[in-house]
2 protein chains.
Amino acid sequence: MHALTWRGQLFCCYNPGGMKRLRHNAILDIIRSGTIASQEELMHGLKARRIEVSQSTLSRDIQELRLAKTGGVYTVVESEPVSKPSDESFRRIIREFLVDIAVAKNIVVVKTGPGHASTVSQAIDETGWPEAIGTIAGENTVFIAARSEKEGKKLERRLRELL
Amino acid sequence: MHALTWRGQLFCCYNPGGMKRLRHNAILDIIRSGTIASQEELMHGLKARRIEVSQSTLSRDIQELRLAKTGGVYTVVESEPVSKPSDESFRRIIREFLVDIAVAKNIVVVKTGPGHASTVSQAIDETGWPEAIGTIAGENTVFIAARSEKEGKKLERRLRELL
DNA sequence: CATCTATATGCATAACTATTCAGCCGCCGC
DNA sequence: GCGGCGGCTGAATAGTTATGCATATAGATG
């Protein structure tokens, strides 16, 4: 196909993982409003947030997020994903507070809910992951220094997997 | 139309309400097996119980019973008064990080895991509890100012209940 | 009794959702 | 670098569900 107009957006570069997660967060947010009755409606809601995507993809997203349609309306089902108890605490912290992840060279920038950066920072320190040389927390942002760009990306992937 | 073969069953006399309730019970029963992925499957399941009905009617039944389709499978949603997600989130934070509680006059002293005080402080702020005038966080300690000694004790009780 | 109303239903079809297919991109090993 | 692999995506389309309409019955009403 023609790369220039792919997905109908010149400015939207392909970004596996990141884009999808961003969209999933937006979808959950929109669905929680409790007024979405079809995937087309959801599509329009996302468009208002500058996220353009096809119905096909939404169908797949809805499967992955295990959303339910009941009474003609989509809803979020709250479930308890099980994982190893040792990692469980860390995972909960990440899932609860982590808002966004980005990488710049060998620095991973993690956005958290307001006031929660130090908790996330502490949690990451405690994992003892070898890629993370050190962390520093602001009010709602954590910088994680990695040994290299490659390890930074690996770190990002690891964090995303926990979400 | 021809009354004799209506609905293809000579013996099934029209009985508004009764027939429908019977069918609804059967539907709930079948759905709870957790293997129904489409209304046509449900139709076959009902046929095995000598209940013949069209897909149209099942669509309407499913609406009335407020069944949900999630992960490609129909499920019965058990209606229970679940606490609001915001409450749930607060509860998780408290259970995760709170280590100890004490009261001194109108000040509630909360010990948290190291580095988590600001998160707990923030969470308490966000509850909007009227007894809590304000909070201040150190590294692993939060002070909560209450209006009075009595309200301080009430606050302590409320927090303990969440554990 | 004739008729009116409310409920329940099936058929045809519109509306909606899932899946198949092919293309694109980043990553990894050579 | 280059080719293969795997994840992500849109377009087309197959599959599933909801709905407009006509009809049937029970009960209410004059």
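Reminder, nothing fancy here: chain letters follow the sequence lines and each chain counts from 1.
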Roughly how many Å is it from [atom1] in [X] to [atom2] in [N], rounded to a whole number?
X     : N      : atom1 : atom2 : answer
A/M43 : C/dC16 : CE    : C1'   : 12 Å
A/D61 : D/dG7  : CG    : P     : 16 Å
B/K20 : C/dA6  : NZ    : C1'   : 11 Å
B/R23 : C/dT7  : CZ    : C1'   : 12 Å
A/E64 : D/dG7  : CD    : P     : 11 Å
B/I36 : D/dG15 : CD1   : C1'   : 17 Å
B/K47 : C/dG10 : NZ    : P     : 13 Å
B/I27 : C/dA8  : CD1   : P     : 13 Å

Notebook entry, point to check: When you measure from the side chain of B/S54, which nucleotide among C/dG10, D/dT9, C/dT9 comes out closest?
Noted result: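 Closest nucleotide to the B/S54 side chain: C/dG10.
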Margin query: Nearest 0.5 angstrom please: B/E52 CD to B/H44 NE2, how far?
Written below: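 Output value for this atom pair is 10.0 Å.
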Notebook entry, point to check: How long is the gap from CD1 on B/I94 to CD on B/E161, to the nearest 0.5 Å?
Noted result: 12.5 Å
List every contact pair, protein side and nucleotides 17-19 of chain D side both N or O, where the distance is under 3.5 Å.
unit_1 : atom_1 : unit_2 : atom_2 : d
D/dT17 : OP1    : B/K69  : NZ     : 2.6
D/dT17 : OP1    : B/Y74  : OH     : 2.6
D/dT17 : OP2    : B/Q39  : N      : 2.7
D/dA18 : OP2    : B/Q39  : NE2    : 2.8
D/dA18 : OP2    : B/S59  : OG     : 2.7
D/dA18 : O5'    : B/S59  : OG     : 3.3
D/dA18 : N7     : B/Q55  : NE2    : 3.0
D/dA18 : N6     : B/Q55  : OE1    : 2.8

Note to self: As a quick check of understanding, evaluate side-chain contact (heavy atoms from CB on, under 4.5 Å) for B/T119 and A/V120, giving each step before the final call.
What the structure shows: CA-CA 10 Å; B/T119 289; A/V120 172; over 6 Å; no
Next item on the list: Name all residues meeting the side chain to side chain contact (heavy atoms under 4.5 Å, CB included) criterion together with B/E64; count only those two or more places apart in sequence or in a different chain, and write none if there are none.
Entry: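 Here the qualifying residues are B/K20, B/H24, B/R60, B/D61.
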Item checked: Shortest non-hydrogen contact between B/A117 and B/T112, atoms and distance -> N-OG1, 3.3 Å
Check: What pair of heavy atoms forms the shortest contact from B/L162 to B/F90, and how long is it?
Finding: CD1-CE2, 3.3 Å
